[in-house]
Structure formats: structure tokens, C-alpha cells
**Q** 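Can you keep this structure in mind? I'll have questions shortly.
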Amino acid sequence: EQQQAKTAGGKGPLAEIEFWRTRNASLSTISEQLNTPNVRKMIEVLENSDSGTLPNFKYVYGELQKLYIEAKDNVKFLTTLERHFKTISQA
């Protein structure tokens, strides 16, 4: 929720690109950490113990993946326009 509430700090499209790059980097790091072997083992233990926390974890993990894909796609798209935004901002 905290990450979702953040908005681009500056004005204009270059600030927006930087916002999405930062968000992508943060979500990428979290996603990588959640895909480590230790976390996978933890999930396996939770599945075997019929833990009540597993559904919540899976939901949050799914939401994180959606946000990460959104950030990655936005960076990919906005990067193609960055050159034009720089030209406009320097004019």
C-alpha cells in the first residue's frame, strides 16, 4: 500500500520515468528475495502444515508480482519515449 501511494516527485515526464525506474528496481529486489531457495522452503513448510497464513502470503505475493510487471512494462514503454522528452525539456 505504501508503495502504491507514492507518486512521481517532480513534474513532467522525466520525473515520471524516474519514478517508474525506482519502483521497478525496488519491486525487482523484493521479488528476487522472495524467490530464493530459503523462502521456497518456508512456503513448502507452510503448505505442509496447513498454515492459515499461507493464503494471505500467496495473495500478497500475487499482488507484488502484478505491481512488478506493471512497473517493468511502464519502464519499458517510457524508456522508448525518453529521448523525445529530453529534447522537449531542453527546448
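Computation of the quantities below employed the complete heavy-atom set of this structure, encompassing side-chain atoms and omitting hydrogens, waters and symmetry-equivalent molecules. Residue indices begin at 1 and follow the sequence shown.
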**Q** Quick check for you: to the nearest 0.5 Å, what is the distance between Asn24 atom CG and Ser31 atom OG?
**A**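 That separation rounds to 10.0 Å.
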**Q** Checking Leu64 now: which residues fulfil side chain to side chain contact (heavy atoms under 4.5 Å, CB included) with it, not counting sequence neighbours?
**A**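 So Leu64 forms a side chain to side chain contact (heavy atoms under 4.5 Å, CB included) with Leu27, Ile30, Leu34.
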**Q** Taking Val39 as the starting point, is it possible to reach Leu46 by hopping between hydrophobic residues whose side chains are less than 4.5 Å apart?
**A**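 Yes: a chain of side-chain contacts under 4.5 Å links Leu46 to Val39.
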**Q** How long is the span from the CD atom in Glu18 to the CG atom in Leu14, to the nearest 0.5 Å?
**A**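 Here the interatomic distance stands at 9.5 Å.
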**Q** Can a cation-pi geometry be assigned to Lys72 and Tyr68, taking NZ or CZ under 6.0 Å from the six-membered ring centre and within 45° of the ring axis?
**A**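 Relative to the ring axis of Tyr68, which defines the angle, Lys72 lies inside both limits.
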**Q** As an exercise, state the distance from CZ of Phe19 to CG of Leu78, rounded to the nearest 0.5 Å.
**A**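 If I round to the nearest 0.5 Å, the distance is 11.0 Å.
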**Q** Are any of the side-chain heavy atoms of Glu32 and Thr36 separated by less than 4.5 Å?
**A**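 No, their side chains stay 4.5 Å or more apart.
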**Q** Using side chain to side chain contact (heavy atoms under 4.5 Å, CB included) as the criterion, list what pairs up with Asn74, not counting sequence neighbours.
**A**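 In terms of side chain to side chain contact (heavy atoms under 4.5 Å, CB included), with neighbours along the sequence ignored, Asn74 is linked to Trp20, Glu70.
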**Q** Side chains of Thr53 and Ser51: is there a donor and an acceptor less than 3.5 Å apart?
**A**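 There is such a pair between these side chains.
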**Q** Using the rule that two of Ile, Leu, Val, Met, Phe, Trp, Tyr join whenever any of their side-chain heavy atoms come within less than 4.5 Å, decide whether Val45 and Leu54 are in one cluster.
**A**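 Cluster IDs for Val45 and Leu54 differ.
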**Q** Would you mind writing out the side-chain donor-acceptor pairs for residues 80-90 within the sub-3.5 Å range, not counting sequence neighbours?
**A**
from	atom 1	to	atom 2	distance (Å)
Thr80	OG1	Phe77	O	2.4
Glu82	OE1	Arg21	NH2	2.7
Glu82	OE2	Arg21	NH1	3.2
Thr87	OG1	Arg83	O	3.0
Ser89	OG	Phe85	O	3.3
Ser89	OG	Lys86	O	3.0

**Q** Given salt bridge (Lys or Arg N to Asp or Glu O under 4.0 Å), test Lys66 with Glu63 step by step and report yes or no.
**A** CA-CA 5 Å; Lys66 287 178 192 175; Glu63 291 299 307; 3.2 Å; yes
**Q** Answer whether the closest heavy-atom distance between the side chains of Lys58 and Glu47 falls below 4.5 Å.
**A**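 In short, these two side chains touch, coming nearer than 4.5 Å.
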